[in-house]
Every structure is written in structure tokens, then in C-alpha cells.
Amino acid sequence: MTAVLVGPRLANPSDINDIARFSKQVATAHRRERRPVNEFVIEEILREIYGFPPLFRTFQPPPAALSNAGAAIVRHLTNTDARVAATIDHILDTAEDFHERRVRR
């Protein structure tokens with residue numbers, strides 16, 4: 001779901017700085033809402049999506065931190081992009097198809 005939603009926002013990040021800026025934007029917005037989330041874990045998720053080397057090399061963030069960061073990305077995009085609500089059925093179908101292809105690998 002996160003990969004499908006973030007695609008139009010970061011269609012082709014030219015370098016890791018694009019991902020870092022977006023991660024900071026999401027984390028800052030959530031701090032204002034008093035929903036703190038670790039921007040480095042957000043960045044780790046985005047690095048995975050876009051094929052950049054991992055940020056955390058010696059340990060994997062806990063599943064709860066990854067889940068919270070993924071939810072923060074989804075929440076941020078749904079709050080800031082009106083196209084999400086307008087195309088939610090297509091987004092969910094695309095996310096399901098994407099998941100099925102990854103599971104079959």
C-alpha cells in the first residue's frame with residue numbers, strides 16, 4: 001500500500017536526498033499532530049521501495065516501528081493528496097496485485 005501511494009509523490013527520486021526530504025516532511029507533520037514517528041524508519045521504508053541501500057545495516061527496526069512508519073506515510077499522503085480518496089479503489093486493487101506478485105516470487 002505504501003509503495004503504491006508514494007509512487008506518484010516520489011515517482012523517480014533522483015537521489016537519496018529526495019527520499020530524506022520526504023521522510024522529514026512526513027515526520028514533521030506527525031510531530032505537529034502529536035503522533036511522533038521516527039523519520040529514519042520512514043526513510044528505511046522508502047529506501048526499500050526505491051532500491052537504495054538500507055540505512056540500518058547492523059539491525060532491523062522492530063516490526064512495530066516499521067508498521068508505525070508505514071502508517072505515517074499512508075496517513076500523510078491521504079491527508080495531503082485529494083487524489084487518494086478519489087482513486088482509493090484503484091489504489092487498493094493495485095496494492096493487492098503488487099502484494100500477490102511479491103508473494104509468488
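Throughout, numbering of the chain's residues begins at 1 and tracks the sequence. Basis for what follows: all heavy atoms, side chains included, without hydrogens, waters or symmetry-related copies.
More than 12 non-hydrogen atoms from other residues, nucleotides or ligands lie less than 6.0 angstrom from OH of Tyr50. With a 6.0 Å radius and a threshold of 12 heavy atoms from other residues, nucleotides or ligands, Glu48 has its CD atom at or below the threshold.
In terms of modelled atom types and a separation under 3.5 Å, the side chain of Ser67 and the main chain of Pro63 share no donor-acceptor contact. Using a distance-only test at 3.5 Å, with no hydrogens or angles considered, a donor-acceptor pair links the side chain of Asn79 to the main chain of Arg75. A donor-acceptor pair under 3.5 Å links the side-chain atoms of Arg47 to the main chain of Pro53, judged by distance alone. Between the Glu44 side chain and the Phe56 main chain, a donor and an acceptor come within less than 3.5 Å of each other.
Residues Glu43 and Ile16 form a side-chain contact, since some pair of their non-hydrogen atoms from C-beta on lies under 4.5 Å apart. For the pair Asp18 and Arg21, the minimum side-chain heavy-atom distance is below 4.5 Å.
Among all heavy-atom pairs drawn from Ala72 and Val26, the shortest one is O-CG1, 3.7 Å. The shortest non-hydrogen separation linking Gly70 to Thr2 is O-OG1, 3.8 Å.
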Is there a side chain to side chain contact (heavy atoms under 4.5 Å, CB included) between Leu66 and Gln60 once you walk through the steps? CA-CA 9 Å; Leu66 290 168; Gln60 180 70 21; 3.4 Å; yes
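The CD atom of Glu39 sits 10.0 Å away from the CG atom of Leu55 when rounded to the nearest 0.5 Å. Considering CG of Leu92 and CD1 of Ile88, their distance stands at 4.5 Å, rounded to 0.5 Å. The CD1 atom of Ile73 lies 6.0 Å from the CD1 atom of Ile49; values are rounded to the nearest 0.5 Å. Separating the CZ atom in Phe52 from the CD1 atom in Ile19 is a distance of 4.5 Å, to the nearest 0.5 Å. Arg31 CZ to Glu33 CD: the interatomic distance, rounded to the nearest 0.5 Å, is 11.5 Å.
By the rule that hydrophobic residues join a cluster once side-chain heavy atoms approach within less than 4.5 Å of another member, Leu5 and Phe98 end up as members of separate clusters.
Classified by interplanar angle (parallel below 30°, tilted 30° to 60°, perpendicular above 60°), the ring pair Phe22/His76 is perpendicular.
Partner of Pro61 under the side-chain contact (heavy atoms from CB on, under 4.5 Å) criterion, out of Asn38, Val41, Ile45: Val41 alone.
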